[in-house]
Amino acid sequence: MNKELWLWGPLFSTSIEKAKNQRARLDYEPQHVAVDGGVLAKSHYHESISNHSDWVAIGDGDSSDPTKMDIVFEQDKSKSDLTLALEYIQKKHPQEYVRAFGFSGGRADHQIMA
């Protein structure tokens, strides 16, 4: 099986314990990509992250602090932060299995993805 990449959304809080349990079953640290407000998951999950290169935050900062983003986009854009994050994953990590946490919210683009 390919390695996993974990995609973190803004509603991550109910998934932290599940993620830690899933991590305990892996023999490696997955890559992490946070979508805007999902960057806040890092502070709840940080003890399991071996180094900063395992974590990339992508977004426009409208639901988080833009200074916490590794890749910052303009707020006035034609694509959602989620779409931009998925394009990043497709380009940088095309062979990895994506596991999404925190995307069961009120926004249509999150519902369609989940």
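Keep in mind it's a predicted model, so treat the numbers as computed, not measured.
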Min side-chain heavy-atom separation L7-L82 under 4.5 Å: yes
Verdict with reasoning, D60 to E74, per side-chain contact (heavy atoms from CB on, under 4.5 Å): CA-CA 6 Å; D60 58 18; E74 295 293 324; over 6 Å; no
D81 side, atom CG; I71 side, atom CD1 - distance, nearest 0.5 Å: 11.5 Å
Spacing of Q75 atom CD and K77 atom NZ [to the nearest 0.5 Å]: 7.0 Å
Straight-line distance of S80 OG to F73 CZ, nearest 0.5 Å: 10.5 Å
Donor-acceptor contact below 3.5 Å, side chain D36 vs main chain G61: yes
Heavy-atom donor-acceptor pair, D70 side chain to A57 backbone, under 3.5 Å: yes
Minimum-distance pair of heavy atoms, taken over all atoms of I58 and A85: CD1-CA, 4.0 Å
For G37 against S63, the heavy-atom pair lying closest together: N-OG, 3.1 Å
E96 with K3: basic N within carboxylate O range, under 4.0 Å: no
Value rounded to 0.5 Å, distance of CZ in F103 from OG in S15: 10.0 Å
Approximate separation, where rounding is to 0.5 Å, of E17 CD and Q22 CD: 12.5 Å
Non-hydrogen side-chain atoms of V98 and W6 separated by less than 4.5 Å: no
Nearest atoms (heavy-atom pairs only) where L40 meets K68: CD2-NZ, 4.2 Å
Option among H32, H44, R99 that satisfies the side chain to side chain contact (heavy atoms under 4.5 Å, CB included) test with W8: H32
Neighbour count above 12 (heavy atom, 6.0 Å) for K79 NZ: no
Flag side-chain contact, heavy atom, 4.5 Å: L5 against P30: no
Pair Q90, H93: side-chain N/O donor-acceptor within cut-off below 3.5 Å: no
Atom pair CD (E4) and OH (Y28), whose distance is rounded to the nearest 0.5 Å: 4.5 Å
